Amino acid sequence: MFIDFPLDCIKNSYENVTEIIKSNKEEIARLLKIENKTYLNFMRPLMELECRLNDYFTPVAHLNSVCDSPKTREAFSICLEPLSIYSSELSQNKAIYEAVKEISTQHDLTSEQKKVIKDSLQSFKLGGVYLEDNKKKRLIEINTRLSELSDSFNKNLLDATNAFEIILKDDTHIKDMPESDKMAAKVQQGYRFTLQAPSYIAFMTYCKDRELREEVYKAYMTRAENNSPVIEEILKLKHEKANMLGYKNYREMRNETMSCPSADEALAFLRNLSKKGKKMAEKELKDLSDFAKNKGIDKIESYDTAYLSNMLKKEALGFDSELFRPFFEKENVVHGLFLFMQKLFNINFQEVHDIKLWHKTAKCFNLLDNNNTPFARLYIDLEARPEKRGGAWMNNWHTGRLDDKNNIHLPDAFIVANFPPSKEGQPSLLRHDDVHTLFHEAGHAIHHLFSKCKESDVSGINGVEWDAVEFPSQFLENFAYEEKVLKLFARHYETGEMIPDELIKKLIDNKNFQSGMFLVRQLEFGIFDLSIYDNAYTYEQVHNIILETRKETAVITPPDYVIFENGFGHIFGGGYSAGYYSYKWAEMLSADAYIAFSEKGVFDEKIAGSFKENILEKGGSDTMQQLFINFMGRSPSEEKLLQLMGMK
């Protein structure tokens with residue numbers, strides 16, 4: 001039913017990957033000899049070959065991201081070249097392309113199968129199937145090198161993150177820091193802070209000493225200086241690739257896999273939001289500046305905002321994020337998340353105990369339907385540790401599908417985060433931001449795990465347009481602020497007391513605190529990302545682009561030494577290149593859907609069933625625009641996003 005996680009997968013990874021590739025090529029040659037090719041005798045077996053390779057390599061990549069070591073790095077890195085070459089060769093294989101094109105004319109295809117064919121033909125176009133042989137060879141070289149560069153970017157960033165620490169001999173400068181954060185930082189010499197997210201955020205929020213805040217901020221914002229040439233080469237190769245495939249630039253090429261009509265429209269969407277959001281952000285900054293002057297700071301710098309904003313929230317809203325930590329013990333939050341999804345979607349979770357995982361804090365759960373039959377599996381690994389890549393993410397492993405022999409395969413996925421680690425005598429106590437993050441990644445997970453599609457290429461998150469894939473995740477995160485949801489799990493970890501109503505009110509009041517400043521910061525990232533592909537820019541030009549973008553969006557100009565782009569892993573080390581705007585585009589969809597839920601009282605069986613049926617179970621079997629219309633009866637509204645952010 002499910003395959004247990006293979007802890008020994010990094011052994012002989014190169015030999016295993018190349019053997020699978022060799023076997024796949026032999027099977028492809030056999031498939032191409034079939035005279036009367038159909039979807040079932042050609043396309044499904046072809047997709048199974050890809051699943052076989054993915055099912056093996058995903059655990060290797062997973063271990064590299066959660067258990068970083070020389071062994072995992074090598075096991076992962078040495079496979080990138082053969083995988084990239086194989087992928088490029090497939091996308092350029094004219095014989096396969098002609099077979100898919102022939103099958104596309106057949107009349108007995110289901111709607112799912114038609115979408116698979118459509119996506120496949122588009123993939124061939126982007127893979128350069130029409131190119132001359134010498135250009136095909138060059139495209140393979142480019143794709144291989146881009147995989148290597150992305151890996152290098154992430155390694156450089158992780159190494160730089162782990163290279164810095166600051167030790168305070170006593171708590172003089174962090175007296176207001178919550179005891180949970182102090183305990184997490186406590187070492188024999190005093191208090192140790194690093195650039196790992198939980199530690200960095202705690203320090204920047206509570207350290208009273210302005211010079212120390214700048215020291216840590218500067219270390220964070222100047223990480224990975226050695227990524228400068230990596231960025232330059234990435235952009236050069238992406239521009240060459242786009243031109244080779246007949247596109248004006250990489251941004252235009254990338255838009256082929258988006259639901260937004262064009263890259264220019266995406267940029268206009270961001271700039272329109274920026275105009276509306278900047279007015280509110282400027283007002284919020286003025287309020288913060290007036291507050292800062294009363295605290296002896298005449299001009300706010302970037303390294304002041306977290307500290308001052310936290311103080312202002314305490315005074316203006318009576319809000320202190322630390323008041324919530326005792327009510328958000330990690331295990332309680334996970335249980336509450338499961339209970340919420342059980343009520344909303346009529347499912348259950350069952351922990352799997354007889355299984356060995358990569359770390360003692362990782363856990364595994366089976367998802368059960370209303371007949372208590374397992375239909376999916378979820379792995380979670382939530383606590384920060386030095387050998388884990390920063391941030392939070394969901395990664396899909398097996399895809400739910402019907403294979404070429406009519407066997408049913410059940411899906412599984414991973415949720416990974418970097419929450420405060422538990423210690424002996426001290427559980428992991430979360431900020432509400434962490435709860436928000438967990439709900440977000442769970443949204444990604446259920447999008448993959450709830451799928452009822454038969455065809456692997458459009459099942460779960462497969463086949464979903466990149467700028468729509470964040471829709472279910474951003475939708476689900478909104479419920480982390482709902483009173484009815486919080487009451488399911490927010491209990492004091494020591495006394496068992498339910499979270500008081502006044503704290504929930506503070507949390508809701510706080511939701512849109514400085515939402516304008518947050519919005520323009522996100523728009524800065526998105527506009528910058530869409531603006532760096534017009535040409536094969538040098539690193540210096542890229543840096544100048546972010547400076548110009550800030551003139552358009554930012555209300556606080558950071559110090560000259562900031563090289564934020566060198567740590568922008570989403571676009572240079574991940575999959576969001578020319579697609580970071582997706583967060584806001586998908587947020588428009590999610591805000592619209594969530595408001596419909598909230599107006600029905602959250603746990604409305606009819607609307608929850610419709611969302612599950614029309615969005616989650618459909619995966620990538622149709623365009624998200626159409627799936628959204630099927631669910632809501634109309635196209636999404638930008639005004640709903642502004643409404644949810646308190647701007648309407």
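Computed from a predicted structure; not experimentally measured. When a residue number appears, it is its place in the shown sequence, counting from 1.
Counting non-hydrogen atoms of other residues, nucleotides and ligands closer than 6.0 Å to NZ of K236 gives a total of 12 or fewer.
K276 and E639 are joined by a salt bridge, as a carboxylate oxygen and a charged side-chain nitrogen come within less than 4.0 angstrom of each other. With salt bridges taken as basic N to acidic carboxylate O contacts below 4.0 Å, none links D529 and R251.
Relative orientation of the H570 and Y580 rings is perpendicular, given thresholds of 30° and 60° on the angle between their planes. Between Y561 and Y217, the ring planes lie perpendicular to each other; the angle is over 60°, past the 30° to 60° tilted range. Ring planes of F631 and F597: tilted class, angle from 30 to 60°. In this pair, F153 and F572 present their aromatic rings tilted. The plane angle is within the 30 to 60° band. By the 30° and 60° cut-offs, the orientation of the rings of F475 relative to F479 is perpendicular.
Annotation: the span from F439 atom CZ to Q474 atom CD amounts to 15.5 Å, rounded to 0.5 Å. Distance NZ/K505 to CG/L317: 9.0 Å, rounded to 0.5 Å. The line from NE2 of H432 to CZ of F319 is 8.0 Å long, rounded to the nearest 0.5 Å.
Here the side chain of D304 pairs a donor or acceptor atom with the backbone of E301 at under 3.5 angstrom.
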key: Criterion side-chain contact (heavy atoms from CB on, under 4.5 Å) on H440 and I415, from CA distance to verdict   = CA-CA 10 Å; H440 176 98; I415 291 179; over 6 Å; no
